[in-house]
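Here is the structure we will look at, set down as structure tokens.
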Number of protein chains: 4
Amino acid sequence: MPERGPSRGRPRDIDVDRRILIAARDLLLVNGYAALSIDEVADRAGVAKTTLYRRWPTKDHLIVAVVALMQDDVPILDTGDIRADLTDYLRQVADGLNTMRRAGLPEGADDRSAGVVAEVAAAAARHADLGTLIRAVFARRNAMAIGLLASAVRRGALRTDLDVAVLFDQLVGPLYYRILVTGEPVDHPYLDLIIDGALRGARPSHAHPA
Amino acid sequence: MPERGPSRGRPRDIDVDRRILIAARDLLLVNGYAALSIDEVADRAGVAKTTLYRRWPTKDHLIVAVVALMQDDVPILDTGDIRADLTDYLRQVADGLNTMRRAGLPEGADDRSAGVVAEVAAAAARHADLGTLIRAVFARRNAMAIGLLASAVRRGALRTDLDVAVLFDQLVGPLYYRILVTGEPVDHPYLDLIIDGALRGARPSHAHPA
Amino acid sequence: MPERGPSRGRPRDIDVDRRILIAARDLLLVNGYAALSIDEVADRAGVAKTTLYRRWPTKDHLIVAVVALMQDDVPILDTGDIRADLTDYLRQVADGLNTMRRAGLPEGADDRSAGVVAEVAAAAARHADLGTLIRAVFARRNAMAIGLLASAVRRGALRTDLDVAVLFDQLVGPLYYRILVTGEPVDHPYLDLIIDGALRGARPSHAHPA
Amino acid sequence: MPERGPSRGRPRDIDVDRRILIAARDLLLVNGYAALSIDEVADRAGVAKTTLYRRWPTKDHLIVAVVALMQDDVPILDTGDIRADLTDYLRQVADGLNTMRRAGLPEGADDRSAGVVAEVAAAAARHADLGTLIRAVFARRNAMAIGLLASAVRRGALRTDLDVAVLFDQLVGPLYYRILVTGEPVDHPYLDLIIDGALRGARPSHAHPA
DNA sequence: GTATAATCGAGACGGTACGTCAGGTCTTACG
DNA sequence: CGTAAGACCTGACGTACCGTCTCGATTATAC
């Protein structure tokens with residue numbers, strides 16, 4: 001939607017965007033949100049602060065951009081085995097979350113910490129536009145996973161009276177809950193338990209329809 | 001836990017604690033975390049900053065204290081009707097979250113925002129002690145709810161092979177997920193759907209073992 | 001002095017110079033030096049910043065150009081009545097100074113302020129070339145006035161042992177001093193007093209020629 | 001006039017003022033106005049920037065404070081020999097001006113430059129309060145010199161129909177004029193010429209033995 | 001009572017980062 | 001070439017808030 005006419009003036013240097021995002025991501029993962037300063041990002045990216053601010057008007061905006069980028073590329077495939085596909089998907093989500101949870105923590109510190117994840121949620125709360133943006137990113141990714149469930153319903157692998165959106169929440173919600181609130185680990189065994197719990201009542205019950 | 005010996009010198013003014021917490025809570029609910037400054041809290045409470053810092057060494061500590069206070073009193077009762085009890089419990093949790101979600105938002109703004117909830121999670125991530133503390137608060141409250149489920153299992157209202165902790169996560173997790181991440185509403189109909197989904201596979205299957 | 005060879009490529013648009021100077025002058029008189037930004041001048045003149053910088057390499061250069069332009073045309077005539085001629089001359093100088101003194105001041109503000117005059121002096125201090133330039137402008141104008149005095153000396157209206165340059169300084173210096181330093185008014189009565197003072201000892205003393 | 005009641009809170013550290021002013025003066029004299037940055041002053045003074053800004057809200061304010069300090073202590077004495085006293089006074093003024101004129105200039109550069117003097121005048125023009133302040137400083141110093149002239153009038157060393165304020169302007173004005181405008185030197189011979197010119201017509205003309 | 005000790009109010013202080021502004025340079029596309 | 005447009009770099013500005021420190025004035029217990 002930019003669509004800035006026949007392109008007047010010096011065009012933006014796309015490489016600059018890249019360098020900034022990389023610098024920001026590196027600093028974010030190493031030092032965490034608080035210790036990341038715009039000055040340092042600009043410095044590392046070899047860019048003037050003004051140039052950075054032209055693109056992201058706020059530290060929060062920058063961080064959200066970084067996170068959005070990190071979340072963007074989650075390949076999802078529908079093999080027909082709903083359980084296997086869900087496992088695969090949840091593991092990717094969990095990996096991403098665990099990475100951000102550890103961001104900025106001294107090597108080996110107990111990672112019962114929400115780290116960057118919470119900061120991003122907070123950032124989204126502070127700026128309406130960021131809320132919209134980040135939710136769009138998540139919605140896009142979730143849509144694919146929800147499609148997975150819907151397709152399973154269509155081919156009879158799951159009950160037809162399911163609210164797949166709710167089922168999805170019950171798969172993913174617990175991960176965020178542990179990361180953001182209780183600080184408990186989100187590892188593969190846990191994911192299996194979650195999937196067990198969610199699918200237990202979701203399979204079609206041959207004999208008696210609810 | 002303070003245990004300050006045979007008490008020498010001028011004793012602390014307990015009323016001061018109260019005034020600070022009230023001031024902080026008010027500002028927090030009205031303006032949100034970022035816009036709350038220690039200077040202003042102290043000013044409002046009619047208290048010197050030193051006095052405040054003697055009690056809470058950090059802005060984060062103060063905020064967490066405020067939130068902990070707000071979460072403290074959630075009565076839970078076990079009527080024997082597991083579905084009714086869960087509904088009651090989840091509604092209380094949802095109410096608390098929705099209140100904090102709205103904190104600092106301009107009246108009537110669309111409250112698709114994590115507001116204070118995220119800030120607290122972030123604060124907990126920044127200070128190990130706060131993480132421990134806030135998790136203890138949650139653990140205590142959760143323990144009661146998990147007890148509810150366990151008792152239901154014992155009396156045969158739920159399957160015996162359930163992991164009640166996981167079941168609990170699948171009940172509560174979606175609420176936090178919506179509040180903190182997707183920004184979707186967490187209202188009574190949604191709670192019913194969540195409970196439906198969770199209990200669907202959790203009831204004992206007399207005739208047919210899944 | 002430019003002397004750009006056999007003139008290749010597109011010739012400069014002379015009108016551009018004019019528009020820039022006009023825009024700069026207007027902004028200078030309205031807002032004063034500090035509030036005048038090159039971007040705004042260019043914008044007003046409907047000119048690219050590059051174009052402006054091709055002509056004046058610095059904000060200071062531009063401002064000096066503007067001021068030089070304003071000072072340029074001070075007609076001086078030698079009627080033979082030294083006192084009347086001096087009065088005429090000093091009034092013109094005072095008018096120019098008073099105009100610049102008021103530049104950038106909120107309407108009706110007490111104009112005990114050096115305004116643009118001081119800024120130009122400062123600009124001249126910052127760039128050697130501007131110093132030379134502005135001094136040349138003043139020298140040219142002063143030379144005419146000094147010529148006035150010299151002619152008076154020649155025809156016996158003033159003492160022959162006078163250092164006319166010093167006499168000139170004592171006529172003009174006080175005006176700048178008031179404008180730049182004390183902020184006191186420089187009006188017609190004051191000019192008369194200055195001329196009185198300067199001429200008092202400068203007239204030939206019939207009885208005893210020093 | 002501060003008069004801040006019974007002195008509440010931590011009192012200002014007077015030494016901080018001193019250190020800041022010294023640092024500022026040093027940097028000013030070495031580098032000139034433009035190259036003096038608040039950050040560096042604070043750094044040199046071993047002081048937080050905020051501490052500096054608590055005292056002087058603007059770079060201009062700080063510089064004016066520095067200059068005011070440098071001008072403050074000009075001893076004037078009335079020996080009865082008006083010409084000698086004036087010479088003494090003007091030399092002090094000229095010394096101060098010449099020092100500031102040279103501020104920030106590369107060693108040995110031609111000092112046909114207004115340097116700091118003009119910047120201060122400009123600063124005074126930008127901030128009304130600074131104008132008032134600096135004029136008060138000058139007024140105080142000038143009052144003493146004008147007193148010198150008045151006393152000379154009283155004892156018959158100068159004509160009684162003199163406007164001593166105007167006479168004073170004609171003594172001092174030329175110095176500022178040369179410094180700020182023409183860039184010509186202000187040395188001892190010049191001072192003598194100025195005094196000659198001013199006193200020539202100012203002596204009582206009874207027998208007037210020049 | 002009088003020393004001792006801690007609390008409280010007030011506000012200065014050091015520090016860190018923020019986001020902004022303006023001056024000047026560079027890079028496009030177009031005449 | 002010159003011009004328009006606008007991105008870019010540089011450097012500094014003034015601000016905000018945090019958490020610490022230094023006063024003087026209280027208010028308690030201990031001797």
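To find a chain, count down the sequence lines: A is the first, B the second, and so on, and within it residues start at 1.
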Assess whether one donor atom and one acceptor atom, taken from the side chain of A/Thr50 and the base of F/dT10, lie less than 3.5 Å apart.
yes
Looking only at heavy atoms, what is the nearest atom pair of D/Leu130 and D/Ala124, with distance?
CB-CA, 4.1 Å
If the helix axis at each end comes from five base pairs, how far does the helix from E/dG1-F/dC31 to E/dG31-F/dC1 deviate from straight, to 10°?
10°
Measure the shortest side-chain to side-chain distance between D/Leu36 and D/Val30 over non-hydrogen atoms and say whether it is less than 4.5 angstrom.
no
D/Ser37 side chain to D/Glu40 main-chain N or O, any donor-acceptor pair under 3.5 Å?
yes
Of the nucleotides F/dA4, E/dG14, E/dG9, which has the atom closest to the C/Val47 side chain?
F/dA4
Report the distance from atom CG of C/Leu62 to atom C1' of E/dG24, rounded to the nearest whole Å.
14 Å
Knowing that exactly one of A/Lys59, A/Lys49, A/Arg44 qualifies, which makes a salt bridge (Lys or Arg N to Asp or Glu O under 4.0 Å) with A/Asp39?
A/Lys49
Mind calculating the distance between CG (C/Asp43) and P (E/dG23) to the nearest angstrom?
13 Å
Tell me the interatomic distance from D/Asp13, atom CG, to E/dG11, atom P, rounded to whole angstroms.
18 Å
Taking only N and O in the side chain of A/Arg54, is any of them less than 4.0 Å away from OP1 or OP2 of F/dC8?
yes
Between E/dA22 (P) and C/Leu52 (CG): distance, integer Å
16 Å
What is the distance, to the nearest angstrom, from the CG atom on C/Leu27 to the C1' atom on E/dA22?
14 Å
Distances under 3.5 Å between nitrogen or oxygen atoms of protein and nucleotides 2-5 of chain E:
none

Can you tell me if C/Arg18 uses its side chain to pair, donor with acceptor, with the backbone of C/Ile14 under 3.5 Å?
no
Can you tell which of E/dG14, E/dA12, F/dC23 lies closest to the side chain of D/Thr51?
E/dG14
Protein N or O to nucleotides 12-14 of chain F N or O, pairs below 3.5 Å:
| unit_1 | atom_1 | unit_2 | atom_2 | d |
| --- | --- | --- | --- | --- |
| F/dC13 | OP1 | D/Ile38 | N | 3.4 |
| F/dC13 | OP2 | D/Ile38 | N | 2.8 |
| F/dG14 | OP2 | D/Tyr53 | OH | 2.8 |
| F/dG14 | N7 | D/Lys49 | NZ | 3.2 |
| F/dG14 | O6 | D/Lys49 | NZ | 3.0 |

Has D/Arg55 got a side-chain N or O lying under 4.0 Å from the OP1 or OP2 atom of E/dC13?
yes
